[in-house]
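Note that the structure is a prediction, hence the values are computed from the model and not measured. Residue numbering restarts at 1 for every chain, and letters A, B, ... go by the order of the sequence lines.
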Number of protein chains: 2
Amino acid sequence: MTKKLAPHDKINSLVGFQIQMAGLCLNEAARTALSADGLSPAKVTALSLVGANPGCEQSALARALSINRASAMKLVNVLEDHGLVERRPGRDLRSNALYLTPSGKHRLDAMIDRLAAAERVVLANLDDAERAMLIRLLGRVRG
Amino acid sequence: MTKKLAPHDKINSLVGFQIQMAGLCLNEAARTALSADGLSPAKVTALSLVGANPGCEQSALARALSINRASAMKLVNVLEDHGLVERRPGRDLRSNALYLTPSGKHRLDAMIDRLAAAERVVLANLDDAERAMLIRLLGRVRG
DNA sequence: TATTGTTATACTCTATAACTATA
DNA sequence: TATAGTTATAGAGTATAACAATA
């Protein structure tokens with residue numbers, strides 16, 4: 001009836017394994033926090049990248065998310081259907097420039113606040129310094 | 001042409017976001033390292049949990065991976081088809097007990113070695129102490 | 001009644017391949 | 001030739017709902 005299984009000795013020292021397991025907890029909490037918005041945590045990540053990089057191209061978004069262009073296409077379609085993101089003509093005649101709509105900006109802010117509140121519950125084991133250290137180290141992984 | 005998009009200010013302080021982005025890097029490297037094995041990183045995680053918890057039930061594996069029983073069913077089927085995992089009668093007449101096969105143990109060890117080598121490349125930015133700290137903090141997230 | 005496994009079905013996410021239009 | 005976007009199709013991975021056997 002335990003919720004946990006013991007980890008394998010050797011794999012326990014892999015950062016990738018630890019990230020995967022920790023991600024399960026956080027992703028579950030994030031999905032619950034976003035249930036009223038109809039967006040997955042991954043879609044909010046994409047939305048936030050557009051918000052921080054106004055005018056970025058779909059292909060740049062795809063590379064940032066490690067997905068291909070066809071997948072990014074569908075992703076942007078959904079965000080557009082929700083009225084969160086807008087496609088405008090880009091510098092090239094072939095490329096799109098992506099922007100958050102006013103509604104997208106507002107709703108992204110609200111979703112991030114909900115995610116932050118959910119995280120505080122999941123991360124109750126960590127004090128502020130530990131949490132800051134964790135964020136710093138994870139950022140270093142990305143290079 | 002940059003591989004990265006700048007992160008959103010507020011979301012940048014969410015551990016869940018950092019885990020997701022760091023996970024992209026590590027997962028991509030892990031998938032490459034496992035390409036010859038025909039297994040995804042997630043399947044190796046499942047395999048390692050069976051290895052560390054011999055005789056565990058499918059339902060326990062499902063809970064540990066935050067998936068439901070039907071999904072765990074398919075997962076174990078695949079691991080069984082690869083000759084890595086074996087279903088034996090459990091304590092209940094209704095439950096299965098999961099075990100690694102001898103081949104499964106051997107191949108899991110080899111895969112973990114390959115994953116560790118791949119990680120050393122991705123995590124070149126972190127020294128040993130930082131890596132150990134990261135693993136410790138991620139373990140604390142899981143509770 | 002609740003739980004374990006199972007099956008069938010559908011949905012989400014992603015990849016591949018081919019096409020177009022631009023560069 | 002190479003790139004950005006698009007489309008159609010297929011493959012993982014997961015969820016839901018139902019069922020049988022057992023507890």
#### Entry: Short side-chain N/O contact from B:Gln58 to OP1 or OP2 of C:dT3, under 4.0 Å
no
### Task
Specify the separation, in whole Å, of atom CD of A:Glu80 and atom P of D:dG5.
12 Å
### Sugar-phosphate or base contact per nucleotide [nucleotides 11-23 of chain C; S, B, -; heavy atom under 4.0 Å]
--SBBB-----BS
### Task
Provide the full list of salt bridge (charged side-chain N to carboxylate O under 4.0 Å, His left out) pairs with a residue in residues 6-19 of chain B, sequence neighbours left out, each pair given once.
A:Asp109-B:Lys10, A:Asp113-B:Lys10
### Task
Give every residue pair that meets the side chain to side chain donor-acceptor pair (under 3.5 Å) criterion with at least one member in residues 123-143 of chain B, sequence neighbours excluded.
A:Gln18-B:Arg142, A:Glu130-B:Arg140, A:Arg140-B:Glu130
### Nucleic acid contacts of residues 82-89 of chain B, taken as heavy-atom distances under 4.0 Å to DNA chain C
B:Arg87
### Query
In the hydrophobic clustering (ILVMFWY, side-chain contacts below 4.5 Å, transitive), which residues join B:Leu123, or is it alone?
A:Val15, A:Ile19, A:Leu26, A:Val122, A:Leu123, A:Leu126, A:Met133, A:Leu134, A:Ile135, A:Leu137, A:Leu138, A:Val141, B:Val15, B:Ile19, B:Leu26, B:Val122, B:Leu126, B:Met133, B:Leu134, B:Ile135, B:Leu137, B:Leu138, B:Val141
### Rounded distance (Å) that lies between atom P of D:dG13 and atom CG of B:Asn27
11 Å
### Task
Return each pair, listed once, that meets salt bridge (charged side-chain N to carboxylate O under 4.0 Å, His left out) where at least one residue sits in residues 93-108 of chain B; pairs must be two or more places apart or across chains.
B:Asp92-B:Arg94
#### Entry: side chain to side chain donor-acceptor pair (under 3.5 Å) against A:Asn53, all qualifying residues, sequence neighbours excluded
none
### Query
When the distance from CE of B:Met73 to P of D:dC19 is rounded to whole Å, what number comes out?
18 Å
Distance-only donor-acceptor pairs under 3.5 Å for side chains of residues 42-50 of chain A, two or more places apart:
residue: A:Thr45; atom: OG1; partner: A:Pro41; partner atom: O; Å: 3.3
residue: A:Thr45; atom: OG1; partner: B:Gln20; partner atom: OE1; Å: 2.4
residue: A:Ser48; atom: OG; partner: A:Thr45; partner atom: O; Å: 2.7

### Message
Among B:Arg63, B:Met73, B:Arg69, which residue satisfies the side-chain contact (heavy atoms from CB on, under 4.5 Å) criterion with B:Gln58?
### Response
B:Met73
### A:Arg91: partners by side-chain contact (heavy atoms from CB on, under 4.5 Å), with sequence neighbours left out
none
### Query
By a strict heavy-atom criterion of less than 4.0 Å, which residues belonging to residues 14-24 of chain A are in contact with DNA chain D?
none
### Query
Do A:Asn96 and A:Arg88 touch side chain to side chain, with heavy atoms closer than 4.5 Å?
no
### Query
How would you list, by chain and number, every residue that makes a side chain to side chain donor-acceptor pair (under 3.5 Å) with A:Ser71, sequence neighbours excluded?
A:Asn68
### Residues that A:Thr101 engages under side-chain contact (heavy atoms from CB on, under 4.5 Å), provided they are two or more places apart
A:Glu86, A:Ser103
### Message
Using whole Å, what does the distance between atom C1' of nucleotide C:dA8 and atom CG of B:Asn77 come to?
### Response
14 Å
### Message
With a 4.0 Å limit, can you tell me whether B:Ser59 has a side-chain N or O closer than that to the phosphate oxygens OP1/OP2 of C:dT3?
### Response
no
